[in-house]
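Notes follow once the structure below has been shown.
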Amino acid sequence: MSNEFIRNLGNLKGLTEAELTELKQVTKKYPFFSHRYYLSLIDWKDPNDPIRRAVVPSVLELEEWGRLDASGEQTYTVMPGLQHKYKPTALLLAGNSCASICRYCFRKRIFMSDPEEVLEDLPAAIDYIREHQEINNVLLTGGDPLMLPTAYLENLIRNLRTIDHVGVIRIGSRMLSFNPDRILDDPSLVRMIERHSGRDKAIYFMSHFLHPREITGKAIDAANLLRNAGALICNQNPLIRGINDNPETLTELYQKLAAIGISPYYLFQCRPALGNKTYAVPIEEGYEIFEQARSTCSGLAKRVRFMMSHFSGKIEIVGKTEESVYFKYHSAARDENAGRFLVFSSNPDAYWLDDYEEMVTSYDVSFQPTSSLLA
């Protein structure tokens, strides 16, 4: 298993000695490793190859910008590995490893030091979810849950299935794109999905296809195995500079996903995590890219929404004019913000909601003007 991963930049045949010397300064701060399968998708003749940019470090990551916990996850952490930000959803950080480290990762802090945020006490987490009957869905994330042994993952899911009010289990995984053999070569994983995908309780896989070239024959075969086992698959990915920041690439990605039965779900604004400036696209530029892409998609492919995972909630970017930008709370950490509509004066240099200084107005769900929401 260990020889399937490359953890030393010196083992990448596509890098020059000068690049190695430069990038070693980056990996002292932000670790690197990647799966051989994913690295095999890179066109090393192209220095701007989008697959390369996804996992091979850039010296521009050393630019001082952002913060480690860009969405304030610590505020909503109930116990190590359990977050409860939105009433109906519990988030379990089931592990702290991935098949590759995305350079734009918003949770890169768990790879930079001894993790204190991952799940340690499963019985206590199960008890918490059981006691909070407003929780009707649980998201398994990390790290990548499919890096865990299937037996461990099944034990986790089996415990969740003992809780009557949890109807949906979501597994957030990049494995379909990073290493589809994890699914293709493990029949026990497929059988586990079959056992726990009930008639009235669904298991969703939240895939993370970033670029259409990740949708390979192996990835499609692995997705079909999961779907035939009873899982539903939706795709969510960030908008990343130099990878998918043009309408043509996003359109191709969404059309290919729809064609293989994977629902495009969210396009995320790149979070302002430490080191992410080189990967981020300003919000208003991103919205124009997104809308141009959606305009050429079929109805099934254009169900995707452009979202921002802000400290105060999951916020949808819904529109813009020359003067204003329009947002709406899709999910809110505070009840009073649920469904609230926000209008800000345009700021083409804004990368995050906090970069907007002038609020034109905001409305609650009854469309009555309200005060500022950012306090």
Spell out, as yes or no, whether a donor-acceptor pair under 3.5 Å connects the side chain of N159 to the backbone of N155. yes
Set out, in order, the CA-CA distance, both residues' side-chain angles and the distance that settles side chain to side chain contact (heavy atoms under 4.5 Å, CB included) for N246 and Q292, then state yes or no. CA-CA 9 Å; N246 62 80; Q292 287 178 48; over 6 Å; no
Applying salt bridge (charged side-chain N to carboxylate O under 4.0 Å, His left out), name anything that partners E284, two or more places apart in sequence or on another chain. none
Keeping the roles fixed (side chain from N136, backbone from G167), state whether a donor-acceptor pair exists under 3.5 Å. no
Path from Y86 to I169 over hydrophobic side-chain contacts below 4.5 Å: no
Run the salt bridge (charged side-chain N to carboxylate O under 4.0 Å, His left out) test on R213 and D49 for me, step by step, so that the C-alpha distance in whole Å, both residues' side-chain angles and the decisive distance to 0.1 Å come before the verdict. CA-CA 11 Å; R213 273 179 37 212; D49 181 79; 2.8 Å; yes
Applying side chain to side chain donor-acceptor pair (under 3.5 Å) to R182 and T150, what does each step give before you reach the verdict? CA-CA 10 Å; R182 167 67 180 92; T150 297; 3.0 Å; yes
Counting distance only, does the side-chain N/O of R107 pair as donor-acceptor with the main-chain N or O of G142 below 3.5 Å? yes
Mind checking what makes ring pair (Phe, Tyr, Trp, His ring centres under 6.0 Å) contact with F290, not counting sequence neighbours? F306
Is there a salt bridge (charged side-chain N to carboxylate O under 4.0 Å, His left out) between K320 and E288? Walk through the geometry before answering. CA-CA 9 Å; K320 70 178 290 294; E288 291 180 354; 3.2 Å; yes
Could you tell me whether the side chain of M175 reaches within less than 4.5 Å of the side chain of M147, counting heavy atoms only? yes
With K108 as the cation and Y30 as the aromatic partner, state whether NZ or CZ is under 6.0 Å from the six-membered ring centre and within 45° of the axis. yes
Closest non-hydrogen atoms of C297 and K302, given as atom of the first, atom of the second and distance, are O-CE, 3.3 Å
Where is the tightest heavy-atom contact between A125 and M79, given as atom of each residue plus distance? N-SD, 3.8 Å
On a heavy-atom basis, the closest approach of S207 and L176 is CB-CD1, 4.0 Å
Spacing of L148 atom CG and L189 atom CG [to the nearest 0.5 Å]: 11.0 Å
Verify side chain to side chain donor-acceptor pair (under 3.5 Å) between T251 and T296, making sure each step is shown before the conclusion. CA-CA 7 Å; T251 296; T296 58; 2.9 Å; yes
Before you tell me yes or no, could you show the steps for E357 and N347 under side chain to side chain contact (heavy atoms under 4.5 Å, CB included), namely the whole-Å CA-CA distance, both residues' side-chain angles and the distance that decides it to 0.1 Å? CA-CA 9 Å; E357 296 180 355; N347 175 7; over 6 Å; no
Closest approach of S177 and R174, non-hydrogen atoms and distance? OG-NH1, 2.8 Å
Looking at CG of D221 and CG of L226, how far apart are the two atoms once the value is rounded to the nearest 0.5 Å? 11.5 Å
Under the criterion side chain to side chain contact (heavy atoms under 4.5 Å, CB included), I'd like the reasoning laid out for F268 against F106: C-alpha separation, chi angles, the key distance, then a yes or no. CA-CA 11 Å; F268 280 112; F106 69 86; over 6 Å; no
Heavy-atom neighbours of Y204 OH exceed 12 at 6.0 Å: no
Give a yes or no answer on whether the side chain of R103 reaches the backbone of S58 with a donor-acceptor pair at less than 3.5 Å. no
Under the side chain to side chain contact (heavy atoms under 4.5 Å, CB included) test against Q83, which residue among T141, L92, T89, L93 passes? L93
Applying the 4.5 Å side-chain criterion to the ILVMFWY set and letting contacts propagate, would Y265 and V138 be lumped into a single cluster? no
Check whether any side-chain N or O of D69 sits under 3.5 Å from a backbone N or O of G72 as a donor-acceptor pair, and report yes or no. yes
K87: salt bridge (charged side-chain N to carboxylate O under 4.0 Å, His left out) partners, not counting sequence neighbours: D335
Give a yes or no answer on whether the side chain of E252 reaches the backbone of T249 with a donor-acceptor pair at less than 3.5 Å. no
Is there a side-chain contact between E19 and L9, using heavy atoms and a 4.5 Å cut-off? no
Keeping the roles fixed (side chain from S173, backbone from D144), state whether a donor-acceptor pair exists under 3.5 Å. no
If you round to the nearest 0.5 Å, how far is CD1 of I240 from CG of N276? 7.0 Å
Main chain of C234, side chain of S263: is a donor-acceptor contact present, judged purely on distance under 3.5 Å? no
If hydrophobic clusters are built by linking Ile, Leu, Val, Met, Phe, Trp and Tyr wherever their side-chain heavy atoms come under 4.5 Å apart, do L300 and Y254 end up in the same one? no
Taking the six-membered ring for Trp, are Y356 and F344 parallel (under 30°), tilted (30 to 60°) or perpendicular (over 60°)? tilted
Report yes if some heavy atom in the side chain of V343 is under 4.5 Å from a heavy atom in the side chain of V325; otherwise report no. no
Plane angle bin for Y76 and F311 - parallel if under 30°, tilted between 30 and 60°, otherwise perpendicular: tilted
Under 3.5 Å: donor-acceptor pair, side chain of N179, backbone of A99: no
With hydrophobic residues grouped by side-chain heavy-atom distances under 4.5 Å, do L23 and L12 end up in a single group? yes
What I want to find out is whether R191 reaches E194 closely enough, with some N-O distance under 4.0 Å, to be called a salt bridge. no
Hey, what do you get for CD (E285) to CG (D349), rounding to the nearest 0.5 Å? 10.5 Å
Checking Q269 against H310 for the side chain to side chain donor-acceptor pair (under 3.5 Å) test, could you report, in this order, the C-alpha distance in whole Å, the side-chain angles of both residues, the deciding distance, and whether it holds? CA-CA 10 Å; Q269 175 67 10; H310 188 260; over 6 Å; no
Give the intermediate values and the outcome of side chain to side chain donor-acceptor pair (under 3.5 Å) for residues N137 and R170. CA-CA 7 Å; N137 76 101; R170 288 182 282 166; 2.7 Å; yes
Closest heavy-atom pair, S197 versus A231, reported as atoms and distance to 0.1 Å, is OG-N, 4.1 Å
The ring pair (Phe, Tyr, Trp, His ring centres under 6.0 Å) partner of Y38 among F5, F178, F209 is F178
Count I, L, V, M, F, W, Y as connected when their side-chain heavy atoms are under 4.5 Å apart, and connections chain through other members. Are I135 and I163 then in the same cluster? yes
Got a donor-acceptor contact below 3.5 angstrom from the T27 side chain to the K24 backbone? yes
From CD1 (I260) to CG (N224), nearest 0.5 Å: 7.5 Å
Pair E4-Y37, side chain to side chain contact (heavy atoms under 4.5 Å, CB included): steps then yes or no: CA-CA 8 Å; E4 295 177 356; Y37 165 84; over 6 Å; no
Value for CG (L274) from CG (L68), rounded to nearest 0.5 Å, stands at 5.0 Å
What closest approach, in Å, do L140 and L153 show between heavy atoms, and which atom pair accounts for it? CD1-CD1, 4.1 Å
Centre of Y329's six-membered ring, under 6.0 Å away, within 45 degrees of the axis: is that where NZ or CZ of R340 sits? no
